[in-house]
Amino acid sequence: GYAFGLAAFWGGLASMDSHDEAGRVLFALINAGLVLAGVWLDRRVFLLFGTLGLSIYFYHLADDIFSHTPLFPFVIAFLGLGILLGAVYLRRYADRISASLDRWRPMRFRTRAGSR
């Protein structure tokens, strides 16, 4: 159910052609919210659509905005390294993080013992 709902929502969101930078930043913020919702609700489909949208936004930054800036590839490389290290951290401590997030999750999204 989440996949079809998110595909409809995200497809509509991505098809809105925003010609101003504020609209594109809003698009990136919505996708970052999807990533955070995916971590909070422990739903990978939110992470999938959020990271796809953020990738599209970063491509726009690299191709249109900062195409002639010599330091931008290094900034993106360090950002990618930070994302990889963050993913390793999240994977290593996933059970602890999930247990601490269970306090704020709705009951139906809480992690069950032994489900991982």
Side-chain angles (χ1 to χ4, degrees):
Y2 287 117
F4 293 113
L6 276 170
F9 169 73
W10 193 86
L13 186 67
S15 67
M16 293 174 31
D17 191 23
S18 178
H19 295 290
D20 61 336
E21 196 59 34
R24 291 181 175 145
V25 169
L26 181 63
F27 175 76
L29 290 174
I30 290 171
N31 283 294
L34 286 176
V35 169
L36 292 175
V39 170
W40 184 60
L41 296 174
D42 198 22
R43 298 289 185 250
R44 291 182 183 165
V45 69
F46 284 90
L47 291 171
L48 174 72
F49 282 99
T51 54
L52 182 63
L54 286 174
S55 298
I56 290 170
Y57 180 69
F58 285 140
Y59 176 77
H60 158 70
L61 286 178
D63 192 43
D64 297 336
I65 305 299
F66 297 109
S67 62
H68 301 294
T69 306
L71 292 179
F72 187 71
F74 296 107
V75 171
I76 290 295
F78 283 120
L79 181 65
L81 182 64
I83 289 171
L84 286 173
L85 291 175
V88 167
Y89 175 81
L90 283 174
R91 187 67 189 147
R92 180 174 291 170
Y93 298 107
D95 293 333
R96 288 185 196 170
I97 293 169
S98 184
S100 66
L101 287 175
D102 273 345
R103 287 183 249 159
W104 294 288
R105 286 186 186 141
M107 186 62 78
R108 60 184 260 182
F109 293 113
R110 292 188 181 177
T111 321
R112 291 177 198 90
S115 66
R116 291 191 174 240

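Note: hydrogens, waters and symmetry copies are ignored here, and every other heavy atom, side chains too, is used. Note that this is a predicted model, so its numbers are computed, not measured.
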- prompt: Within a strict 4.5 Å, meaning less than it, do heavy atoms of the F72 and L61 side chains meet?
  reply: yes

field: Within-4.5 Å side-chain heavy-atom neighbours: F58 and L79
entry: yes

In this structure, would [X] and [Y] fall into the same cluster of hydrophobic residues linked by side-chain contacts under 4.5 Å?
X   : Y   : answer
L52 : V45 : yes
L13 : L36 : no
I83 : V75 : no

task: Mind running side chain to side chain contact (heavy atoms under 4.5 Å, CB included) on N31 and W10 for me, showing each step along the way?
output: CA-CA 9 Å; N31 283 294; W10 193 86; 2.8 Å; yes

Inter-residue atom distance L29.CG - Y57.OH, 0.5 Å rounding: 8.0 Å

- request: To the nearest 0.5 angstrom, please state how far the NE2 atom of H60 sits from the CZ atom of F66.
  value: 9.0 Å

- prompt: Strictly under 6.0 Å, is that where the ring centroids of Y93 and Y89 end up?
  reply: yes

task: Please find out if less than 6.0 Å separates the ring center of F46 from that of Y2.
output: yes

task: Run the numbers on L6 and L34 for side chain to side chain contact (heavy atoms under 4.5 Å, CB included), then give the verdict.
output: CA-CA 10 Å; L6 276 170; L34 286 176; 3.8 Å; yes

